[in-house]
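Note on naming: letters A, B, ... go to the chains in the order of the sequence lines (proteins, then strands), and numbering restarts at 1 for each one.
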Amino acid sequence: MTTRILEVLVLLMSAWTLILGGVSDKMESDFFDNPEITVQLSHYFGPDEPSDAGYTPRGSVVIRSFKGPRFTTSQKDIADSDFLQIQKLAASNGYYFLKALVKTTSGDKIFQSFAHAQSLMQSGLSDILRIHVNPSGEIVAISYALAKNGFTSGTMKRVPHQFNTTVFVHHGELGPQPDTAPYLEKLEHERMAKERGEDPRDNRSFLAKYWMYIVPIAIMVLLSGASTPEEGAR
Amino acid sequence: MPPPRGIFLFLIGWLSISSTTLALHEDQVGKFDWHQKLLGPVRFVFNDPHQPKRLLIGTENNVVGAIHGNTGNILYRQLLETTGSLLYYALQEDRQTISVSIQEKNLIKIRTFTAPTGIRIDEWIVEMEANLVTSFGNKVFLINSKNHPTETQVTTFNLKTGLANPVKKYTLPNCGHLIGVTGQYLICSKGTSISVLNLDDGSVTNEKFTEISEILELSTSGSGPIPGVVFQGDGFIKGFLLIENSKSGPELFPLQIQPSNSRVILSQFTSEERPLLFVTRLENSHTIKMEAYNRNGQVVSNSATLIQASMPLSSLLRCQGYLLNNQYGLVGVTKDELVFGTKADGTSTTTPQSIEWSREESLESIVSLEMVDYPSEVGPTWNPYLATMNVVHAFISRVKYEIESLISGESLYASDEDRFGLRKVIVFVTKVGKVIGMDSSSGSILYSFYLPDFSVFTDSAAFLYLQRPAKYTPLKPQAAVIYKSLSTGSTILFAFDPVVGKPLDEVRKFPPILQTQMLHLAGEETQFVKPILLLDVELNVWSYPKVEKVDGLKESLEIMNSYFFIAKKLRSPVLAGFAVDKQRVGEHLKAKQLWNLDLGPSELLGVYGKLSTERVHSQGRVLPDRSVSYKYMNPNLVVAVTSEPEAGNINLFLVDAVSGSLIHSFWHKKCRGPVHVVHTEHWIVYSLYNEKNRRIEINSVELYEGQSQSNSTAFSSFAAPPVEPIVVKQSYIFPTSIQHLAHTRTEKGITNKDILIALPTGGVLELPRIVVQPRVSHQHYTQQMQEEDGVVHSIPYQPELPILSEMIFNYNQSVKRVHGIKTWPTRLESTCVVLVHGSDLYYAKLTPSKTFDVLKDDFDYWIISVALIGLSLAAYLAKRLAARKQLDQAWK
């Protein structure tokens, strides 16, 4: 239990630093060559099926660089009526829908995502947007998740009327490649060592290596040495 | 000079982990496994004039071969290119056959083979388009009538010179969609008019029948000495022999054929002294009538033969009659790709004859398959599952059962095989809509039935679910096949007993569907039937059996919206997630779309999930420093593979199918498919072709949660904050191309997993996963420390995976054109059964970690019991002696 709380705390702190970082970056925006990317967020929390018209704007996230936490979120406070509606939705175990729209050169891309309204309330409206970027820097997908659990339980805190959004950027990896270079190098080393007639990994002493040859010779020498003085004595 | 120690160590590690000790003696071939060769959809059948029993066969999938007319056994089989299809296969001249197959759109390959052995003699390539082929003497006529039937283009290819003549154009006014070739003639019809063209000299005869209605069907006798044609329509039948008339072109000589409503099929029996023309028709579903005509168009006396079938035959597609020692024989092909034949050994000339053998050639294209335990024939009277209601009852029935089995000497299980669930019934659904049940112990067919109005969904899929296994003995096992209706496009569900092949319920119809899913929710009240949910295109959710009948389904829907679907949307690279909405539990349920994920701009190659019934024994992996790395075991994780053909990229996405969030992605530049994926436990292994390095690569990915586990009891896709897996990966070079990838699975997941790789050579490689497991570098635990500890945690990385012939588990029983590999657990933890299907069927038992829970065949019970008795006797004696000695000493 304690570890859980700790985790949440750590995450909370990291989330805050991220957001603070985002704020402080505002001044640095001129340094980046990349054009800014704006993610338009709209949400839906009605009782029925979500329709395109039913979505209301929630705010936007401006990302200035995918390298590091450089983004700004601007989201208005939720109106009291809307807040009540989300609370009602949470009570009836409904879904909260989020749509993220990204304008790219090849056209608009819309990602529809969701969360349980109840969990959203329990998280104290703190959520995570995970933006997945491919190696060439285009947005592939935007995933939505909640940042914490059990915000309201225990201490019975009041849920704030503002979204506390954290943005994570995930860089898609280039697929793995067979790691041939070190292996070939190793083989080459071994081959060279063989040519030189030594095994680099065999660092035993001379005696340890060749005792099987030395011992018989030594015995023979000893034996022959033992027999000669006798002859001499005769 | 001694080999480097690294390689030596690697080899020792390799040999110790691979199950290569499963050496087989020659007399054991086929003892623990079986192998069946298949031909595929038969389109050409004719007999060898020198050996009438040898029937030469050509199939749609570019396979030529020969079968024995009395037994149906394959004498030889030649697999031509997988990409091509066979246009023509016929006898060419003495002991030679000729095949014409179309390669791509306009690449035609002409080959000649020896008829007795199927060895290829010659091959030519012609670049042109053709849709019909016939041959006469040394000439092959390649006909293109696809675009304009009335303007037929013919290219003559000379087999002697190997040269193609320039294209000739013929204007045939009576050419419609009905068109056929026989010998050197091309016949086509439109309405009631026909045109006959002699392809050899170019003469044309046009004729119009006045007394009949429209011609609906045209069938010819194929290549041979007696060219013939039959026109059929509403209530009439007109058969003709084609005769050459030097003055006025080809002439039609009428044949006296009895009028009949069923389809008439002509076939020629080529023989030097007595060529015959056979007219075959299906009288009723169990009877075939055959009559022979001679060269002059007269019926041969006493040639009328009736052939009785024990199984119902759907309509006849091809037939070949033959004469052997004054007895008529027949080989036929039905629409559902059943090849059957009589036995003409010259001993009995009685009519009706019976069908002696049959081959299910549709097994060549399997759409879906499942395995169910073979129920013991001597079923227990005591059922452990039904008797649980009352303790006293259960006890009494148990005692009764034990007494019964003592008296009768029969145990709960009929045989040794059954005790470990090694004997299965394999249920196949094939592309033509046939359901076939097969006994896994021998490969013999138990039952087969034809699904009327059958067609496959997109991606050539039909779903087969095992709703109730065989272990609830008084209750019958239940399977359900879900397919698309050919006529209406709606969805049909048919429930049947997978052991005997009898229907269990009436056919159910549903609207066109997006996705199906079987829930693992089976209780006593529902008689242990697992419900199937179907999501239709209008997002209605249907359940079979109905929601009200499924114990707990309604309740669990009311408690939480716990059922999720993932579906490919109609627009290609878009995945969408749906949840069953509890609010509208009415006549049927409703689903709500929760998320969508556009993976574009690209093309979706496939979505690979995990088996929902999979069991993983260990939650974590112990690292060399004694700490544990917990596995990321998200049951909702799917792998979506997309390709960008223009850029030449292959992309892999790990998607959580419930929350719709992307977990991770891999991008492969300058790569192309085919991509084969194995996704199980916490790891993924996939293969692709690297165009830059021009090699096949196998990539291995493992997902870990790290040193702590977020939730030890159940994984949640909605965990807040979301669980981020640690991704470990490694890549390997594979020396040959790959036809299919699969993995072994066992009941409890304790046994190691092997990766099964189907190779184009026909072998199936059983590669231990540890060989491709990503090597994790441990900072605090070096290789040297491992050696000091005497523990090898992982074998050293080697970029190229070798193919060791000992690891090919199907030894010399080659499996060609593999379409799929299905593995199934048995009740023995060590053992897994595997079925490889394609142009062959191969079934075997695999033991990835060797048979650790089975006593060896040569286990010496005698010596063990003698040793045990001897030891206890010795202990007793020693005790007595010791006691006496002590007593003696005490007296001193």
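No side-chain donor-acceptor contact under 3.5 Å links B/Tyr797 to the backbone of A/Tyr183. A side-chain donor-acceptor contact under 3.5 Å links A/Gln112 to the backbone of B/Leu594. Of the possible polar contacts, none joining the B/Ser661 side chain to the A/Tyr144 backbone as a donor-acceptor pair under 3.5 Å is found.
Contact of B/Val727 with chain A is made through the side chain alone, with heavy-atom distances under 4.5 Å. Heavy-atom distances place no part of B/Phe734 under 4.5 Å from chain A, backbone and side chain included. For B/Asn651, no part sits under 4.5 Å from any heavy atom of chain A, backbone or side chain. Heavy-atom distances place the backbone of A/Ile110, and not its side chain, under 4.5 Å from chain B. Proximity to chain B involves both the backbone and the side chain of A/Phe111, based on heavy atoms less than 4.5 angstrom apart.
Annotation: maximal heavy-atom pairing with chain B below 4.5 Å, among A/Ser143, A/Pro176, A/Ala141, occurs at A/Pro176. For chain B, the option among A/His132, A/Gln177, A/Lys99 with the highest count of heavy-atom pairs below 4.5 Å is A/His132. The candidate with the highest count of non-hydrogen atom pairs below 4.5 Å against chain A, out of B/Lys669, B/Glu724, B/Arg695, is B/Glu724. Contact tally against chain B (heavy-atom pairs below 4.5 Å) for A/Arg130, A/Lys109, A/His170: the top residue is A/Arg130. Contact count versus chain B (heavy atoms, under 4.5 Å) is highest, among A/Gly172, A/Pro182, A/Ala145, for A/Gly172.
The two residues A/Gly175 and B/Phe666 come nearest to each other via the heavy atoms CA-CD2, 4.2 Å. The two atoms that bring A/Leu174 and B/Lys729 nearest to each other are O-NZ, 4.0 Å, heavy atoms only. When all heavy atoms of A/Thr180 and B/Ile733 are compared, the pair lying nearest together is CG2-CD1, 3.8 Å. The minimum heavy-atom distance linking B/Pro722 with A/Leu146 is given by the pair CD-O, 3.6 Å. Residue A/Ser113 comes nearest to B/Trp595 through the heavy atom pair CA-CB, 4.2 Å, listed as atom of the first residue, atom of the second, then distance. In this structure, B/Ala579 and A/Tyr95 approach most closely via the heavy-atom pair CB-OH, 3.5 Å.
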